[in-house]
Every structure is written in C-alpha cells, then in structure tokens.
Amino acid sequence: MSAKDKFHDIVRLALEKDRWNITNDPLYIDFGQVQMRIDLGAEKLLAAEKEGEKIAVEIKSFLNPSAITDFHLALGQFLNYRTALREKEPERHLYLAVDLETYNDFFTLPFIQLQIQEFQLKLVIYDTETEEIVRWIS
C-alpha cells in the first residue's frame with residue numbers, strides 16, 4: 001500500500017469544510033485485474049430531492065525538484081483512474097488536488113494549461129495555510 005500524500009489530511013479537512021461528506025478514504029477501484037487506490041471519495045447532497053454529486057480526488061504535493069516529473073506521474077495516474085471510474089462508477093467525477101502555491105507557480109504555465117485543456121483535467125485548488133478549497137476547475 002502506498003503512503004498518504006503529505007497534504008492528504010489538509011485536503012480531507014478542506015473538503016469537509018466545503019460540505020463534502022468523505023465516503024471513502026481511500027477509494028478502491030478494481031478493474032480488469034488491476035487494483036487502484038484513489039486518495040478520497042466524497043459526496044455532496046445538492047438538494048433534498050436530488051441525487052448527490054459524487055467525486056474522487058487524487059492529491060499531489062509536487063515536492064520533487066522537478067515539477068514536470070511530478071506532473072507526468074500525476075497526469076498518468078489521473079488518466080488511468082478516470083478510465084477506471086468511467087467503467088466502474090460513471091457517476092463519479094475525478095479531480096486532481098493541488099495546493100495553491102503549486103497551481104500559481106506551475107499550473108498556470110502555458111504548456112501545463114495546454115495539457116489541462118488537452119486532457120480535460122478537473123482540478124481542486126486548496127490553501128495549505130487556511131485548509132480550505134479556494135477554486136474548482138472543471
């Protein structure tokens with residue numbers, strides 16, 4: 001089993017503050033004899049008469065000296081997880097969680113923005129200091 005990301009607990013708390021109910025920590029997906037572990041599964045009730053929105057969140061810290069290397073790993077995981085979720089839990093939307101500083105310093109670069117558009121990455125941006133979600137990008 002892989003270790004929790006450095007910011008796992010911060011993202012969990014930030015989601016809870018944003019009124020998400022954490023349903024899975026982690027969310028296990030088995031598909032085609034491949035077992036995957038997405039960091040968090042969560043659900044948010046939209047209204048009493050409506051079905052709740054479901055998400056999965058993969059958390060990345062980007063702590064290595066090379067942010068592009070971390071991005072390669074994050075993108076690969078995201079694409080694999082999204083494929084598995086589409087087959088196993090199609091109602092659940094996958095988000096990549098990155099901290100505000102990483103988003104501002106790296107994810108705003110033109111090449112990374114192009115990749116976000118190309119691969120239709122959904123992002124949740126969180127502040128490590130306030131432990132709150134600051135932006136959702138779908």
Side-chain angles (χ1 to χ4, degrees):
M1 176 182 266
S2 58
K4 284 185 180 178
D5 184 88
K6 177 181 177 180
F7 297 126
H8 182 97
D9 293 335
I10 290 173
V11 173
R12 182 183 172 118
L13 179 61
L15 287 168
E16 290 171 339
K17 284 182 180 180
D18 203 37
R19 297 201 165 133
W20 286 91
N21 177 38
I22 305 301
T23 57
N24 306 86
D25 184 0
L27 173 63
Y28 291 100
I29 301 290
D30 292 329
F31 182 69
Q33 298 180 329
V34 176
Q35 298 175 341
M36 292 169 258
R37 184 180 76 72
I38 303 171
D39 290 320
L40 295 170
E43 186 172 344
K44 189 174 203 176
L45 294 178
L46 303 175
E49 70 279 357
K50 293 184 179 179
E51 185 178 334
E53 182 180 357
K54 293 182 179 181
I55 62 172
V57 179
E58 179 61 21
I59 304 161
K60 291 297 171 202
S61 297
F62 287 82
L63 298 175
N64 288 319
S66 171
I68 194 68
T69 298
D70 284 341
F71 183 72
H72 291 314
L73 176 62
L75 178 60
Q77 281 183 295
F78 185 92
L79 295 175
N80 288 333
Y81 294 166
R82 185 172 63 190
T83 299
L85 282 172
R86 192 172 24 236
E87 294 297 317
K88 300 299 253 180
E89 295 190 37
E91 73 285 356
R92 194 178 294 272
H93 300 282
L94 179 62
Y95 284 84
L96 179 65
V98 296
D99 68 278
L100 183 59
E101 184 178 345
T102 298
Y103 179 78
N104 288 336
D105 292 347
F106 182 72
F107 276 72
T108 57
L109 297 174
F111 177 76
I112 303 306
Q113 284 292 302
L114 184 62
Q115 296 295 87
I116 290 168
Q117 291 171 4
E118 170 103 11
F119 294 106
Q120 300 174 356
L121 299 181
K122 295 178 186 241
L123 303 173
V124 57
I125 315 305
Y126 60 93
D127 188 319
T128 59
E129 307 239 341
T130 64
E131 299 179 335
E132 293 179 340
I133 304 298
V134 294
R135 187 170 176 198
W136 291 88
I137 300 173
S138 295

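Remember, predicted model here, so these are calculated numbers, not experimental data.
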Legend entry - Flag, side chain of Arg37 to backbone of Pro26, donor-acceptor distance under 3.5 Å: no
Legend entry - Atom CD of Gln113: over 12 foreign heavy atoms under 6.0 Å: yes
Legend entry - Note, Lys6 side chain near Leu63 side chain (heavy atom, < 4.5 Å): yes
Inset, instruction - Look up atom NZ in Lys54 and atom OG1 in Thr23, then write down how far apart they are to the nearest 0.5 Å. - result: 7.5 Å
Legend entry - Residue pair Asp39 / His8, side-chain heavy-atom distance below 4.5 Å: yes
Legend entry - Lys44 vs Asn21, side-chain contact (heavy atoms from CB on, under 4.5 Å): CA-CA, chis, key distance, verdict: CA-CA 6 Å; Lys44 189 174 203 176; Asn21 177 38; over 6 Å; no
Legend entry - Lys/Arg-Asp/Glu bridge criterion (N-O < 4.0 Å) met for Asp70, Lys60: no
Legend entry - Sidechain-backbone polar pair: Asp127 side chain, Glu129 backbone, donor-acceptor under 3.5 Å: yes
Inset, instruction - Flag the pair Ile137 / Arg135 as yes when at least one side-chain heavy-atom distance between them is below 4.5 Å, and no otherwise. - result: yes
Legend entry - Flag side-chain contact, heavy atom, 4.5 Å: Glu53 against Glu43: no
Legend entry - Inter-residue atom distance Leu75.CG - Ile116.CD1, 0.5 Å rounding: 10.0 Å
Inset, instruction - Supply the atom-to-atom distance Leu73 CG to Glu58 CD, rounded to the nearest 0.5 angstrom. - result: 8.5 Å
Inset, instruction - Please answer: with hydrophobic residues joined when any side-chain heavy atoms are less than 4.5 Å apart, are Phe106 and Phe111 in the same cluster? - result: yes
Inset, instruction - Please name the pair of heavy atoms, one in Leu94 and one in Lys122, separated by the smallest distance, quoted to 0.1 Å. - result: O-CB, 3.4 Å
Inset, instruction - State plainly whether one hydrophobic cluster holds both Ile125 and Leu109, where clusters connect Ile, Leu, Val, Met, Phe, Trp and Tyr through side-chain heavy atoms under 4.5 angstrom apart. - result: yes
Inset, instruction - Drop me the distance from Leu40's CG to Ile22's CD1, to the nearest 0.5 angstrom. - result: 5.0 Å
Legend entry - Glu101 side chain reached by Asn104 side chain, heavy atoms, under 4.5 Å: no
Inset, instruction - Let me see the working for Tyr28 and Gln35 under side-chain contact (heavy atoms from CB on, under 4.5 Å), right down to the final yes or no. - result: CA-CA 7 Å; Tyr28 291 100; Gln35 298 175 341; over 6 Å; no
Inset, instruction - Taking the side chain as every heavy atom from C-beta outward, state whether Glu132 and Asp18 have any pair of such atoms under 4.5 Å apart. - result: no
Legend entry - Same cluster (ILVMFWY, side-chain, under 4.5 Å), Val124 and Ile38: no
Legend entry - Contact summary for Ile29 and Ala84, nearest pair of heavy atoms: CG2-CB, 3.7 Å
Inset, instruction - Kindly state whether the ring of Phe62 and the ring of Phe107 have centres lying under 6.0 angstrom apart. - result: yes
Inset, instruction - Mind checking the OH-CD1 spacing from Tyr126 to Ile10? Nearest 0.5 Å is all I need. - result: 7.0 Å
Inset, instruction - Verify, without hydrogens or angle tests, whether Thr102 (side chain) and Val98 (backbone) share a donor-acceptor contact under 3.5 angstrom. - result: no
Legend entry - Hydrophobic cluster membership, Phe71 vs Val11, 4.5 Å side-chain cutoff: no
Inset, instruction - Quick one: pull up CD in Glu118 and CD1 in Ile112 and give me the separation to the nearest 0.5 Å. - result: 12.5 Å
Legend entry - Under the side-chain contact (heavy atoms from CB on, under 4.5 Å) test, residues paired with Asn80 that sit two or more places apart: none
Inset, instruction - Measure the shortest side-chain to side-chain distance between Thr128 and Phe7 over non-hydrogen atoms and say whether it is less than 4.5 angstrom. - result: yes
Legend entry - Closest non-hydrogen atom pair between Lys88 and Asp30, with its separation: CE-O, 2.8 Å
Legend entry - Check: Asn64 side chain, Ser66 main-chain N or O, donor-acceptor pair, under 3.5 Å: no
Inset, instruction - Could you state whether Ile68 and Tyr103 fall into the same hydrophobic cluster, counting links through intermediate Ile, Leu, Val, Met, Phe, Trp or Tyr residues with side-chain heavy atoms under 4.5 angstrom apart? - result: yes
Inset, instruction - Determine, using ring centers only, whether Tyr95 and Phe78 are less than 6.0 Å apart. - result: no
